[in-house]
Structure formats: C-alpha cells, structure tokens
Amino acid sequence: MSSHEHPFDRGHRGRRGGPRPRGERIGRPGGWQQKDVPDAGDAEQWFLGRLPDTWYDGAITVEVDREEIVVVGELSVPDSTAATVEGRIARFREDTRGDRMRIADEAEARYGRKVAWGVLVDGETTLFTHLAVPVMTRLRQPERKVLDTLVDAGVARSRADALAWAVRLTGDHIDSWLAELRDAMRTVDDLRAKGPDLD
C-alpha cells in the first residue's frame, strides 16, 4: 500500500444480543435506521450533488446500510479487453483518490458511516473499498442488508438470529418475499409518520 493511500482503499472485485425486556417489540422501532446512527435517507441525493460531473460516464448507485455507504459509478471503455478495463479502472482510481478521501470524510461526518467506492465497467463491479463486518462470519453489505431486513421486520431478534433463520429457510422465492417485506415496512413507516404527534 502506498504512503498516500487510504487504509480502506484496497481492491475487491466481484459480480454484480442479549435477552430483551418483557413486552419489548422485536426489531428496531421506526424503520430500518438504528437509533444511534444518523439518518441517511438523503445520502443518494447528497452524493449525486457532491460528486464531480466528470467522474463517471453512466449511472451512479448509492447503497446504504447501518455501517456503510457504497458508491458505484459506471465507466465506459473503448473495448472490453481485460487490459483496457484494468487500465481504465486503475486510472480512475488514482486520479480520484484524493477527492474520494475528502468526500468520504465529509460523508462519514454527516452520516456516521464508512464510504466504499467502486466502478461498473462492462457489467462487472470493482470495489476499491469495502467494509466487512463480523456477524458470526464476515459479511458484506448485500448480505448484511438481508439480515437487517429480517431484524427490522421482527422476524429475528438480532443479526445472529436472522442468519440462523435464513440458513434454515429454503425456497425459490426468497428475493420476492424480502422485497414484499420491505414494501410492507415502508408502508408502516409512512403510516406512523402521518399519525398524531404524542409528544
């Protein structure tokens, strides 16, 4: 690792608790956000406004969970040979390193989460930074989001319980079921927001 490289700026490539008081509801009240973590509902809009227009050639995606924000932008290449793709990614990574570190610091101060960066080239995602959080094993953001959905919905008390539940669960429709569960949770949050203020 070079002397000016951020300690989290390392390559990763891939394809696209204890007993609770009696009467306490399982899951985190108020939606998927944990109480002591700043709300990141506007993170996508913030990054879209903050990132330089010249960085990416295509769409930008911003994924958020309780620990991490993952920002991935699409880059174009003149041809899809491995050497061309690797060279384009390396150039982007080096040219933007300083600015990415500054923007990540701003976002961490604003949202209380680490920022992971990546690019999408020719249908394949390359992540420069990616946080692995111990949950009985090291899981990356997509897996953590599945566990958090189960906890938020009250299906499990903790990520460990959710992981055990998910391992036992079988069937071909898990993705569509989780999508329906998230939709139902959003509906509950919307109704709660429209309700009377009891404070």
Side-chain angles (χ1 to χ4, degrees), residues 5-6 8-16 31-33 37-133 139-149 152 173-187 189-190:
E5 183 170 297
H6 193 279
F8 286 99
D9 200 4
R10 299 169 187 165
H12 173 80
R13 191 158 185 160
R15 298 283 178 186
R16 258 190 126 133
W32 68 273
Q33 293 286 358
V37 177
D39 180 71
D42 65 347
E44 181 176 12
Q45 290 76 19
W46 186 86
F47 274 95
L48 291 177
R50 181 64 181 84
L51 296 178
D53 295 335
T54 57
W55 274 16
Y56 300 110
D57 305 313
I60 300 171
T61 61
V62 180
E63 294 286 340
V64 180
D65 72 0
R66 289 185 293 139
E67 288 85 13
E68 186 177 36
I69 300 173
V70 179
V71 182
V72 177
E74 188 173 358
L75 298 177
S76 61
V77 293
D79 61 71
S80 58
T81 63
T84 304
V85 170
E86 290 174 8
R88 179 71 178 95
I89 293 172
R91 173 160 58 94
F92 174 87
R93 183 175 183 178
E94 186 60 31
D95 289 349
T96 62
R97 188 187 309 276
D99 287 333
R100 285 189 289 110
M101 291 171 61
R102 283 188 289 274
I103 294 171
D105 287 343
E106 293 175 21
E108 185 173 351
R110 181 183 179 97
Y111 297 114
R113 294 162 172 84
K114 294 294 183 182
V115 177
W117 299 95
V119 294
L120 177 67
V121 181
D122 197 28
E124 183 173 338
T125 299
T126 299
L127 296 174
F128 310 146
T129 60
H130 212 10
L131 186 64
V133 177
L139 300 177
R140 302 213 180 265
Q141 190 187 65
E143 291 82 16
R144 297 197 306 266
K145 290 178 74 174
V146 171
L147 300 185
D148 287 342
T149 297
D152 292 337
H173 305 294
I174 181 64
D175 289 338
S176 60
W177 183 82
L178 285 171
E180 291 178 8
L181 185 57
R182 292 186 183 109
D183 287 341
M185 290 162 55
R186 279 193 292 269
T187 299
D189 285 343
D190 289 343

Visitor: Mind checking whether V115 and I103 have side chains closer than 4.5 Å, heavy atoms only?
Guide: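 Not touching, per the 4.5 Å side-chain cut-off.
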
Visitor: Please report the shortest heavy-atom distance between V64 and A43, naming the atom on each side.
Guide: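 Closest approach of V64 to A43: CG2-CB, 4.0 Å.
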
Visitor: How close do P38 and G112 get, heavy atom to heavy atom, and via which atoms?
Guide: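 Closest approach of P38 to G112: CG-N, 4.1 Å.
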
Visitor: Measure the OG1-CE distance between T96 and M101 for me, rounded to the nearest 0.5 Å.
Guide: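 Here the rounded value is 11.0 Å.
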
Visitor: Distance check, rounded to the nearest 0.5 Å: T149 atom OG1 versus R144 atom CZ?
Guide: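 Between atom OG1 of T149 and atom CZ of R144 there are 12.5 Å.
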
Visitor: Which pair of non-hydrogen atoms, one from D79 and one from V85, has the smallest distance, and what is that distance?
Guide: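 Result for this residue pair: O-CG2, 4.5 Å.
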
Visitor: Show your reasoning for whether side-chain contact (heavy atoms from CB on, under 4.5 Å) applies to Y111 and I69.
Guide: CA-CA 9 Å; Y111 297 114; I69 300 173; 3.9 Å; yes

Visitor: I'd like to know if R110 and D42 make a salt bridge, using a cut-off of under 4.0 Å between side-chain N and carboxylate O.
Guide: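 Here R110 pairs with D42 in a salt bridge, since their nearest N and O are under 4.0 Å apart.
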
Visitor: For the atom pair OG1 (T126) and CZ (R88), what is the distance rounded to the nearest 0.5 Å?
Guide: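 Rounded to the nearest 0.5 Å, the OG1-CZ separation comes out at 12.0 Å.
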
Visitor: Donor-acceptor pairs under 3.5 angstrom involving side-chain atoms of residues 50-57: please list them, not counting sequence neighbours.
Guide:
unit_1: R50; atom_1: NE; unit_2: E106; atom_2: OE1; d: 2.9
unit_1: R50; atom_1: NH2; unit_2: E106; atom_2: OE2; d: 3.0
unit_1: D57; atom_1: OD2; unit_2: S76; atom_2: N; d: 2.8
unit_1: D57; atom_1: OD2; unit_2: S76; atom_2: OG; d: 3.0

Visitor: How many angstroms lie between atom CD of E74 and atom CG of D122, to the nearest 0.5 angstrom?
Guide: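 Reported value, rounded in 0.5 Å steps: 9.5 Å.
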
Visitor: Taking C-beta and beyond as the side chain, do L75 and F92 meet within less than 4.5 Å on heavy atoms?
Guide: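 Yes, at least one pair of side-chain atoms sits under 4.5 Å.
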
Visitor: Looking at every heavy atom in both T84 and T81, which two are closest together, and how far apart are they?
Guide: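 Shortest heavy-atom contact: OG1-OG1, 2.6 Å.
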
Visitor: Can you name the nearest heavy-atom pair linking D65 to R113, along with the distance?
Guide: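 Closest pair (atom of D65, atom of R113, distance): O-NE, 2.7 Å.
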
Visitor: Looking at E143 and R140, is there a salt bridge between them, counting it only when a charged N and a carboxylate O are closer than 4.0 Å?
Guide: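 A salt bridge is absent here (no side-chain N lies under 4.0 Å from a carboxylate O).
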
Visitor: Quick one: pull up CG in D99 and CZ in R102 and give me the separation to the nearest 0.5 Å.
Guide: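 So the gap between those two atoms works out to 4.5 Å.
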
Visitor: Any chance you could lay out the side-chain contact (heavy atoms from CB on, under 4.5 Å) test for R93 and R100, step after step, and finish with the verdict?
Guide: CA-CA 9 Å; R93 183 175 183 178; R100 285 189 289 110; 3.5 Å; yes

Visitor: Test of understanding: with side chain to side chain donor-acceptor pair (under 3.5 Å), list the residues that count as partners of E63, not counting sequence neighbours.
Guide: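 K145.
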
Visitor: Could you tell me whether the side chain of V72 reaches within less than 4.5 Å of the side chain of L127, counting heavy atoms only?
Guide: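 L127 reaches V72 side chain to side chain.
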
